[in-house]
Amino acid sequence: PFLTGRVGVAFVKGLQGDDPRYYRVIATAKHFAVHSGPEPDRHTFDARPTERDLWDTYLPAFRDLVQEGHVASVMSAYNRINGESATASQRFLTDILRTQWGFSGYVVSDCGAVDDIFRRHKIVPTAEEASALSVTRGCDLECGGAFRALRGAVTQGLIKEADLDVAVRRLV
């Protein structure tokens with residue numbers, strides 16, 4: 001974790017540059033968090049790390065990238081963490097990443113990860129609910145097609161336009 005953090009911070013700084021106003025490119029730290037388990041099962045896997053393993057193994061490099069490297073983007077993982085989707089995790093995307101570490105960039109899902117919330121993890125039954133859940137818990141941008149359902153999620157009262165405004169502000 002220490003070496004990964006050191007290499008990652010240097011990589012992020014090299015990619016993003018040091019201009020106070022403009023990035024050269026936006027670096028994306030991935031896959032947050034606990035992207036673990038058998039690779040063929042990554043769309044259904046529920047990682048269950050101990051708190052010690054979480055804080056000593058999985059999170060230190062990400063913390064370094066956020067707090068020291070000032071990475072502008074973080075990509076969520078496909079898996080669940082203790083039953084909660086990594087792409088719709090209040091604990092990881094909001095409580096840890098944004099509140100504890102001060103991350104001010106945007107979170108993007110891995111490709112198809114929002115679909116996984118309802119199709120494979122079975123956390124909620126529809127794309128509207130999965131999209132609303134991911135946005136309200138901290139995912140701002142999706143790689144895939146599930147966010148097309150956000151219009152329906154607003155109509156159904158699953159998410160407020162103000163929640164979408166938060167995600168859009170972080171993106172621009």
Side-chain angles (χ1 to χ4, degrees), residues 1-36 42-43 54-79 81 84-117 127-128 130-151 153-154 158-172:
F2 176 77
L3 180 59
T4 302
R6 302 288 29 99
V7 170
V9 167
F11 195 79
V12 166
K13 287 183 173 186
L15 285 172
Q16 292 186 168
D18 57 6
D19 189 295
R21 187 167 177 189
Y22 298 106
Y23 295 112
R24 275 194 234 155
V25 297
I26 288 187
T28 301
K30 59 186 214 174
H31 295 91
F32 189 69
V34 198
H35 184 65
S36 193
R42 66 185 175 166
H43 293 276
L54 180 67
W55 291 99
D56 288 352
T57 304
Y58 290 103
L59 296 181
F62 285 106
R63 183 196 60 233
D64 293 348
L65 294 178
V66 168
Q67 294 184 331
E68 190 180 337
H70 306 287
V71 70
S73 173
V74 170
M75 180 179 279
S76 61
Y78 290 116
N79 56 277
I81 308 163
E84 185 178 45
S85 168
T87 299
S89 173
Q90 175 73 34
R91 180 178 187 205
F92 287 91
L93 302 183
T94 299
D95 300 346
I96 294 172
L97 188 63
R98 297 188 194 284
T99 303
Q100 288 182 30
W101 295 347
F103 179 67
S104 60
Y106 67 89
V107 172
V108 59
S109 76
D110 206 337
C111 296
V114 176
D115 281 330
D116 286 348
I117 294 169
E128 289 82 6
S131 297
L133 188 67
S134 64
V135 171
T136 57
R137 292 194 175 170
C139 183
D140 306 304
L141 179 65
E142 182 220 10
C143 176
F147 272 16
R148 289 186 194 109
L150 282 169
R151 181 184 306 251
V154 170
L158 300 169
I159 189 170
K160 296 180 179 109
E161 286 187 41
D163 296 319
L164 298 174
D165 291 343
V166 171
V168 170
R169 273 193 296 279
R170 289 193 287 236
L171 287 166
V172 296

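Computed from a predicted structure; not experimentally measured.
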What are the two closest heavy atoms between [X] and [Y], and how far apart are they?
| X | Y | answer |
| --- | --- | --- |
| Ser134 | Ala88 | CA-CB, 3.7 Å |
| Asp64 | Gly5 | OD2-CA, 3.6 Å |
| Leu158 | Ala132 | O-CB, 3.7 Å |
| Ala77 | Thr87 | O-OG1, 2.9 Å |

(message) For the residue pair Tyr78 / Asp116, report whether a side-chain donor-acceptor contact shorter than 3.5 Å exists.
(response) no

pair [X]-[Y]: side-chain heavy atoms closer than 4.5 Å:
| X | Y | result |
| --- | --- | --- |
| Ile96 | Phe62 | no |
| Phe103 | Val71 | yes |
| Arg63 | Gln100 | no |
| Glu68 | Val12 | no |
| Phe147 | Leu164 | no |
| Asp95 | Gln90 | yes |
| Trp101 | Leu59 | yes |
| Arg137 | Glu84 | yes |

Under the 3.5 angstrom rule, does the side chain of [X] hit a backbone N or O of [Y] as a donor-acceptor pair?
| X | Y | answer |
| --- | --- | --- |
| Ser131 | Ala146 | yes |
| Ser109 | Ser76 | no |
| Thr99 | Thr94 | yes |
| Asn79 | Val34 | yes |
| Gln16 | Ala72 | yes |

Rounded to the nearest 0.5 Å, how far apart are [atom1] of [X] and [atom2] of [Y]?
| X | Y | atom1 | atom2 | answer |
| --- | --- | --- | --- | --- |
| Phe32 | Leu93 | CZ | CG | 6.5 Å |
| Leu65 | Lys13 | CG | NZ | 11.0 Å |
| Arg151 | Glu161 | CZ | CD | 10.0 Å |
| Ser89 | Ile81 | OG | CD1 | 5.5 Å |
| Cys143 | Asp115 | SG | CG | 10.5 Å |

(request) Evaluate whether atom OH of Tyr58 has more than 12 neighbouring non-hydrogen atoms of other residues, nucleotides or ligands under 6.0 angstrom away. (result) yes

(message) Would you say CZ of Arg6 has more than 12 non-hydrogen atoms from neighbouring residues, nucleotides or ligands within 6.0 angstrom?
(response) yes

(request) Would you mind telling me which of Asp165, Asp140, Leu141 makes a side chain to side chain contact (heavy atoms under 4.5 Å, CB included) with Arg170? (result) Asp140

